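Source: prediction; values computed, not measured. First the proteins, then the strands, lettered A, B, ... as listed; each starts at 1.
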Amino acid sequence: MDMFVVMLALPLVSGALLTLAGERAWAPNLNILASAGTFLAAVLLTVEIVAFGPRFAFGEQFFIDSLNVFFVALTAFVGFTTSLFSGPYMKNERARGKLSVPRLRLYKSMYQFFMFTMLAALTTNNLGLLWVMMEAATLTTVLLVSLYRTPASLEAAWKYFILCGVGIAQALFGTILLYFAAERVLGETGNALLWTHLVGAKAFLDPTIMSLAFVFLLVGYGTKVGLAPLHNWLPDAHAEGPTPVSAVLSGLLLNVALYALLRCKVLADGALPAGFAGNLMMGFGLFTLLVAAFFLSRQKDIKRMFAYSSIEHMGIITFAFGMGGAIANFAGLLHMTLHSLTKSAIFFAVGHAAQKTGTQRMDDIRGLVKINPLIGWGLMLGTLAILGMPPFGVFASEFMILTHAMQHHPWATPLLLLGLGIAFAAIFGRVQPMVFGETEAKRLPHAPAITPVFVHLALVLMLGLWIPPDLARWFHEAARMLG
Amino acid sequence: MSDVPLSAQLINLCAAAILLLAFAMLAQRRVLQLIDLFALQGFALFLSTLIVAVKTGQTHLYFSAALTLALKVAVLPLILRRLVQRLHVKGEVEPLINIPTTMLVGIMLVVVAFNVALPIAQLSATITRGTLGIALATVMLAFLMMITRKKAITQVVGFLAMENGLFLAATSATYGMPMVVELGIALDVLIGVIILGVFFFQIRDQFDSLDIHHLERLKDH
């Protein structure tokens, strides 16, 4: 059995099944089971790619190599743990009367379709299909952001749709220009959008067209990554949607959009004078980091604050990939992995905390450790991890990015430190009283799923202390591919 | 200009019509008429794609022409009109601030678009290369429309007009994207409009209006 086909078919089929069957008693279990199956297939696929090297699927339309298989495994893993988390979380939301039965059904089917679009976007070899899947990912999540149907959530979903729609339209124009450049080299065979063909011909692509194409692609996919000044949709969508959706938006969608950008950067680097694409990405990355850091200190809503923290980290990662070279790319990939794991763990903890206390306002959340020590410590440790405290892995990747910046782009170092410093002060100062403080407790009808939080944090801790040699080799290989 | 073949002249005519319609949409206050203009723009796009298809004999261009006709001239305007009727979009007339200023900004955008597209158009070997600037201008005008409009439904028409411009770019710079990509894009657009339809009902139930100034509360304090 082809694991790749299984991995793509599982979320698609179960999504359709969940739509048709409606909300039955087994629906949450099917959601978890399908996600577990997808994760298992992704692991087997990864083993296969590591053992036998890159491969195609469905003719040449899909291509799995050491770069994207790593994202596939990560995506399927976070997808699986989020489905575990969302089981009791959504039941509690139902019990609190915030969601009706048809909306739970909408949530589960769209969740599976979203997983499908993410995995298909990662594995497609066709840059046109990549665009189609990115747009489809917006479409599947837009109704999830407005799931609560409150005025604020409707506004957030509308903003998300329009801003990402306009952004992704720019990316389509970039893709058209790229196709135009490629067609002159590769001919009108329909192969001119296939990445494996483009990479072979990248040195012959016309620089005038490619420079314009890359600018459009950067703005387009950059909107989805959450790069400033096009980040406005992101805090709203994260704060107003249900928490599992915030977790996958932050942990997966941003990564996949960045992945799309990286694929395009490899082509642009081949066709353009050295540094054009890299400098643009470094500039956008730094600007994003600083903007997010300043907004962080002004937040009152806990999910909004961590959404800004996601923007901040996307800025750091974009900056790292902008610097380029083996070390910076390695650090960027590592940071992407760690951010995904840590931020989704934080959102899990935040989701439970918000349910326990009945609010997302940080001033009203107090003494989590007393209400539920596991949630309290989960949030505290997650916060320390995302702020880059040793021995968590984020420290290692941020340290690599900083030292590399000092060596090659010393001017950027003070700005990076400034951004990180402000972010630290803002987030730590907010989280500390929420975790340790006085409070009155509350009981939830369904026991929260704490395991995913600690599984993620344990992984982040492990990657800070020891990266398994296989994983390190794989990171190196992927970093080398990025040039 | 006697050396320009008839087909190229016809395509340029269609492209010019598309640009003109983009300006007309920018100035149109009534929602239903705006949808008519959008359908008309779709028809001009269909004609230009068809001419390129006949001229070059590329089979997949016939498909994409048919797709344009079905989707942009028939289905999408139909869905939009239904929405307007079912939602009773109030008064239909949308107060617009200062149409002449908007038009002047639009003209500036067209100049910018032509300048950006110039070096690329010179590289193009296709018969339709002159239209690339027009395509970019159409995208920018649609963008302007989305910025200046107040009603959710006109923003969506602007969004779709932007897609028209992109499609024109795809057929003018190249001879259309590969079939599988074009089908995917068409599917996305269709699903997008359907989801927006659902979404409009949610907005209306919540606010009793489709005015997007209701959707301006989320801010950073």
Side-chain angles (χ1 to χ4, degrees), chain A residues 61 126-129 131-136 138-140 142-143 146 149-159 161-162 165-166 168-170 172-173 175-177 179-184 188-194 206 208-209 212-213 232 235-236 239-240 295 298-301 304 308, chain B residues 58 60 116-117 119-120 122-126 132 135-136 139 142-143 146-147 152 155-156 158-159 162-163 165-167 169-170 172-189 191-192 194-196 198-199 202-203 205-207 212 214-221:
Chain A
Q61 294 300 323
N126 187 325
L127 290 178
L129 276 185
W131 184 89
V132 169
M133 286 302 156
M134 287 305 296
E135 171 73 4
T138 314
L139 296 177
T140 52
V142 106
L143 290 180
S146 69
R149 308 276 162 88
T150 56
S153 71
L154 282 173
E155 177 185 342
W158 179 253
K159 231 186 212 174
F161 184 88
I162 289 296
V166 170
I168 207 97
Q170 313 296 316
L172 180 58
F173 194 69
T175 310
I176 291 169
L177 288 174
Y179 181 59
F180 172 46
E183 205 186 23
R184 295 157 53 82
E188 292 160 27
T189 46
N191 291 337
L193 270 179
L194 296 183
D206 185 273
T208 324
I209 310 173
L212 198 63
N232 283 338
D236 294 346
E240 302 305 332
F295 272 111
R298 304 173 57 188
Q299 298 311 313
K300 293 191 167 60
D301 182 304
R304 240 183 130 73
Y308 271 106
Chain B
Q58 302 246 351
H60 80 269
V116 170
I120 296 174
Q122 282 167 347
L123 292 167
S124 176
T126 53
L132 191 66
L136 191 57
V139 172
F143 194 36
M146 290 180 72
I147 295 170
Q155 288 206 325
V156 172
F159 183 67
M162 187 184 279
E163 216 270 329
L166 289 170
F167 194 84
S172 67
T174 69
Y175 288 130
M177 305 278 267
M179 200 59 213
V180 53
V181 178
E182 240 165 55
L183 279 176
I185 294 171
L187 190 69
D188 272 351
V189 169
I191 296 176
I194 292 170
I195 286 185
L196 276 169
V198 176
F199 199 62
Q202 297 179 5
I203 295 182
D205 289 346
Q206 190 61 242
F207 300 110
I212 51 162
H214 295 293
L215 301 178
E216 285 166 5
R217 303 232 169 99
L218 286 177
K219 292 217 171 75
D220 291 303
H221 308 287

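Contact detail for A:F173 and B:A169: the closest heavy-atom pair is CE1-CB, 3.6 Å. Nearest heavy atom pair, residue A:L172 against residue B:I185, reads CD1-CD1, 3.7 Å. Here the closest heavy-atom approach between residue B:P178 and residue A:L193 is recorded as CD-CD1, 3.9 Å. When all heavy atoms of A:V166 and B:F143 are compared, the pair lying nearest together is CG1-CE1, 3.2 Å. Closest heavy-atom contact between A:F161 and B:G192: CZ-O, 4.3 Å.
Neither the backbone nor the side chain of A:L127 comes within less than 4.5 Å of any heavy atom in chain B. If you measure heavy-atom distances from A:A157 to chain B, the contacts under 4.5 Å come from both the backbone and the side chain. The contact between A:L154 and chain B is made by backbone and side chain atoms together, counting heavy-atom distances below 4.5 Å. In this structure, chain B has heavy atoms under 4.5 Å from both the backbone and the side chain of A:A156. With a 4.5 Å cut-off on non-hydrogen atoms, A:T138 does not touch chain B at all. Using a 4.5 Å cut-off between heavy atoms, A:L129 contacts chain B through both its backbone and its side chain.
Rounded to the nearest 0.5 angstrom, B:Q155 CD and A:I162 CD1 are separated by 5.0 Å. Between the CD atom of A:E135 and the CG atom of B:L187 there is a distance of 10.5 Å, given to the nearest 0.5 Å.
If you tally non-hydrogen atom pairs under 4.5 Å between each of A:M133, A:Q61, A:R149, A:E240 and chain B, the highest count goes to A:R149. If you tally non-hydrogen atom pairs under 4.5 Å between each of B:V116, B:V139, B:L196 and chain A, the highest count goes to B:L196.
A:I176 places none of its side-chain heavy atoms less than 4.5 Å from the side chain of B:F167. Taking 4.5 Å as the limit, every side-chain heavy atom of A:W131 sits out of range of all side-chain heavy atoms of B:V181.
A search for side-chain hydrogen bond (donor to acceptor under 3.5 Å, both in side chains) contacts involving A:D301 returns A:Q360, not counting sequence neighbours.
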